[in-house]
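Before any comments, here is the structure.
The sequence lines fix the lettering, A, B, ..., with proteins before strands; numbering per chain opens at 1.
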Amino acid sequence: MKKFLPLLALGLLAGCTTILETGDKLERGMTPPDAVNYATTKPEGGFSTQLSDNRIGNKIELLAARKSKTDGGYTRVQFDLRNGAYLRQTINVSFEWLAADGTVTESQPNWIVTPLEPGALTTVTATALKAQSAECRLRLISR
Amino acid sequence: MNKLSLLACAVFIVGCGTPATYKDPQGRELVVSLDKVNIQDFATAGSQMLQSMISSPSFSKGAPVLQLGSITNDTADNFDTALLLSKLTVPLVNANRVTLLDNDATANAARATSGSNANVPRAEYVLKGKILEDRSNAGSTRQSSFVFQLTLVEVKRGVAVWTEEKIVTKQGTKNAVGF
């Protein structure tokens, strides 16, 4: 009997995951397509966010945004993300670069699929190609 | 009457198809194929390679002279490897981060025409690479991995100064639309 208990618990856990995943799929199916969310670095440090899809806010935490310069003087940013949900999340990220006056200088032409394990910290990094790119706008979408 | 019913059914079935529409090549409604490299796969691998390459010390300052070497397509899919290279060269050239040397024949012709006064730069770096694939399946679930490998060789010393590998893996039972 003792041998069966862990197996039973494992089976139950696997079942729970399936139920949670199905719930997640249903929730997605019943709501409009996910919207794009933004996190933009500030000249004085830190970042501001624009959350268009509240569901992503409940699952993904944006912990920090670090800005530095490369040896050649180009801006480099790192955003720390944490999956606060109990399920693995897959988000898609993309970067846009802004000049000091706010004009868009560079735009990444694609989404990068970024899997996030539950509780895992993930750092996404981008380096500007142009010297005038001063601030970075991270675009996030959950599917 | 029967003929008319059949015709009506046929029209109905044809009408159910999805008409072709234009899609944003950078968007999230593109076809994801399990058996081939999709256009968005080149974009994903290319942009990640680009980010890695510009972080290498060779690209920290100035605009080094770059020549494109060969990119071997070692997959069963037939495509032009320029689809990958352009994802790196277009942003680099437009941002003045590299001086892209045209092919050998053009450079040699320019040197021959201008003689000793030729102002044709010599390549400092050569970019070469390989694209490979790996396929596996479990039951009806198929998985395809496409491996993009690039190496930057410093011509003067003949040594690799940067190398990167990016893998794009797709899994499913059939082709789909979207992420």
Please list all pairs passing the side chain to side chain donor-acceptor pair (under 3.5 Å) test where one or both residues lie in residues 38-48 of chain A, with sequence neighbours left out.
A:Thr41-A:Glu135
Lys/Arg N to Asp/Glu carboxylate O, A:Lys130 vs A:Glu106, below 4.0 Å:
no
Pick from B:Ile54, B:Leu150, B:Thr151: which one makes a side-chain contact (heavy atoms from CB on, under 4.5 Å) with B:Trp162?
B:Leu150
With a 4.5 angstrom heavy-atom cut-off, is it the side chain or the backbone of A:Ser94 that approaches chain B, or both, or neither?
neither
Whichever hydrophobic residues join B:Val147 through chains of side-chain contacts under 4.5 Å
B:Leu132, B:Ile167
Co-members of the apolar cluster containing B:Val126 [side chain, <4.5 Å]
B:Val155
Which value, rounded to the nearest 0.5 Å, describes the distance between B:Thr75 atom OG1 and B:Phe148 atom CZ?
8.5 Å
Neighbourhood of chain B inside residues 63-71 of chain A, taking heavy atoms under 4.5 Å as contact
A:Asp71
